[in-house]
Amino acid sequence: MPLLVKNLNIEYPGKVLFKDLQVEIEDQKIVAVRTEVLDGGTTLLKGLAGMLDGIDGEVRLDGIDLLHMDPAQRALKVGYVYEQQGLVSLYDCFQNIALPLQFHTTTGNELVESRIFSLCEKFNVDRQILNEYPHALNDVQCRMINLLRALVIEPKLLLIDELEGGMSERVLGDTIDTLREEQKNNAMIVIITTADDLLLDQADYSYQIENNKLRECH
Amino acid sequence: MLDQQSDNLKIPEETLSWSGTGKAILNPFANFYHVSMEIIGLISVALKASTLLLNKRRRQLFYALFQRQVYNAGVSALYVNGVIGFLIGTLLISRLFDYLPRQIIEDQFGQIFMVVVFRELGPLISGIILIARSATAITSEIGYLRLQREFQVLNGLGINPVFLFLLPVFFAFPVSLFLMFIYFDVIVFLSSFAVVWISDPSISFTGLLANILSQITLNEIAINAVKAILGGMLIGIISIYFGAKVVDSFTEVTESISKATTAQLLVFFIINVLLSLLAYTQ
C-alpha cells in the first residue's frame with residue numbers, strides 16, 4: 001500500500017487531536033478529509049508530512065518512514081499546500097516555486113523554468129504573477145503558487161490544506177481535473193482537507209474527523 | 001507532544017525560580033548569561049550552516065540574499081555616512097586648524113586623524129548607523145517572518161531557515177560595516193581638506209594624505225577589521241536572535257527591536273573600547 005498510517009497519535013498540551021489513527025491509501029487516489037474549524041485537519045496534514053516533531057506512530061510512503069526521514073529527502077517526496085500564506089516573502093513567486101528544486105537538486109535553470117511555465121499553463125496561472133512578491137497576491141493566487149511549488153518537485157504525496165477558499169466552483173473543478181491529469185504522469189496520492197461538498201464529491205474517498213480518528217464517509 | 005510552534009530557531013524562554021531580593025539582584029545577571037550563551041549557540045549554528053555554501057546551487061541562492069543585505073546595509077548607507085562624515089570633517093577636524101599652530105598641524109595631522117577619526121569616530125559612528133538603520137530593519141523583518149510562520153514553511157521544504165534568514169546577515173553585516181568605515185574615513189578626510197584648503201590654499205593634498213597614511217599601520221588596519229568583523233557579526237546575530245523571539249503578536253516585534261538595539265549598542269561600544277585599548281597599548 002503506497003501510504004500507510006499506523007497508530008498515529010498527535011496531541012498538543014492538554015488536547016488530543018488524533019489517537020491510534022489508521023489509514024491506508026492506494027496510489028493515484030484523491031482523498032478528501034472533511035474539516036471544521038480547529039478540528040485538527042491542518043495538524044493532520046502536517047503530521048502526515050513529517051513536519052511536526054514529537055508525534056508517535058508510523059507514516060509510510062512506499063514503505064519509507066516519513067516521520068524519521070531526512071527532511072531534505074522528504075521535501076522531494078511530499079508536497080504541501082498551505083491554506084494561507086506559506087510562501088517566502090523574500091522571494092518572488094517564480095523563486096518561491098523554484099526554491100525546492102534549486103536547493104535540493106541539480107536540475108538546470110532551464111529545466112526548472114520550463115517545468116514552472118508548464119505547470120502555470122496546466123493550472124491556468126497567469127505567468128505575470130510569477131514576478132510578483134507574495135504580499136501582492138490574493139488568497140487564491142497565493143494558494144495556487146503554493147500548489148505549483150508543491151507540484152514542481154513531482155511529489156509522491158501531495159497534501160492540500162483547504163484549496164477551495166475564495167475559488168469559484170469552475171476553478172476548483174478545473175484544478176481537481178488537472179490534478180487528476182497530473183496523477184497520470186506522476187503516480188501521486190493527493191489528500192485534501194476541505195469543507196466543500198464539490199471536493200468531497202469529486203474525491204475517490206472522503207473521510208471525516210470524528211473522535212480523534214478518521215471515519216470514511218463514502 | 002507538540003510544541004505550539006516548532007522550527008529550527010526555537011529559543012526557549014529562560015525562567016529562573018528564585019524569589020525575593022535574590023531574584024531581583026541575580027536575575028538580570030542570569031538573564032544576561034543565558035542570552036549570551038544562546039547568542040554564542042546561534043553563532044555556532046551559523047558557522048555549521050555555512051558548510052551548506054560548499055554546494056554551488058545553494059551558494060547562488062545565498063549570494064542573491066547576501067548581495068541584497070550588503071546593498072541595503074552597506075551601499076545604501078553611503079548617503080547617511082557621507083553626510084555625517086562631511087559634517088565631522090568640515091566642522092570638527094577643520095576647526096583644529098584654527099586652534100593649533102600650523103607647524104603642529106602639518107606634523108601631527110596624520111596622527112590626530114588616525115586616532116580621532118580612523119580609530120575612534122569612524123568605527124563608532126558607522127556601527128551606530130548600522131544599528132540604527134539596518135539592524136532594526138533586520139530584527140523587524142525576522143519578527144515578521146516568524147509571525148508569518150515562514151520559518152516553518154522553510155522547515156517543511158527541508159530547508160534550514162538559518163541558511164536563508166541568518167547566514168546572509170551574518171556575512172553581510174561585517175562587510176557592510178567595513179565599507180562604512182571606508183566611506184566615513186574618506187569623506188571626513190576630503191571634507192576637512194576642502195575646508196582647510198579654502199582658508200589656506202598652500203596646504204598640500206598629497207602632503208596631508210601621506211601624513212595620514214604614514215600613521216595607519218598594519219596593526220591599525222587589523223584592529224579596524226576586527227571591529228568590523230566582530231561588531232558586524234554580533235550586531236547581525238543579535239538582530240536575528242531577538243527577531244526570532246517573536247512568536248504570536250506584532251507587539252513582540254517592537255519589543256524585540258528595543259531589546260536588540262539596546263544589546264547591540266552595549267556590545268558594539270564594549271568591542272570598540274576594548275579594541276581601541278588594545279590599539280593604544282601597541
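Sequence lines set the chain letters: A, B, ... in the order given, protein chains first and strands last, and positions in each chain run from 1. These values consider heavy atoms only, across backbone and side chains, with no hydrogens, waters or symmetry-generated copies.
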Undergrad: Select one option (side chain, backbone, both, neither) describing which atoms of Q102(A) are under 4.5 Å from chain B's heavy atoms.
TA: both
Undergrad: Counting only heavy atoms closer than 4.5 Å, note whether L76(A) contacts chain B via side chain, backbone, both or neither.
TA: neither
Undergrad: Contact between F103(A) and L164(B) at the side-chain level, heavy atoms closer than 4.5 Å - yes or no?
TA: no
Undergrad: Please tell me if the side chains of R68(B) and L90(A) come closer than 4.5 Å, counting only heavy atoms from C-beta onward.
TA: yes
Undergrad: Do L87(A) and V153(B) make a side-chain contact, defined as non-hydrogen atoms from C-beta onward lying under 4.5 Å apart?
TA: no
Undergrad: With rounding to the nearest 0.5 Å, note down the distance linking CZ in R149(B) to CD in Q85(A).
TA: 9.0 Å
Undergrad: Just checking, any donor-acceptor pair under 3.5 angstrom between side chains of S89(A) and Q148(B)?
TA: no
Undergrad: Just checking heavy atoms, which of residues 53-67 of chain B are less than 4.5 Å from chain A?
TA: R57(B), R58(B), L61(B), L65(B)
Undergrad: Might you confirm whether atom CG of N211(A) has over 12 heavy atoms from other residues, nucleotides or ligands at distances under 6.0 Å?
TA: no
Undergrad: Please find the pair of heavy atoms, one from G158(B) and one from A75(A), that lie closest to each other, and give the distance.
TA: N-CB, 3.9 Å
Undergrad: When you compare the side chain of L99(A) with that of L154(B), does any pair of heavy atoms fall below 4.5 Å?
TA: yes
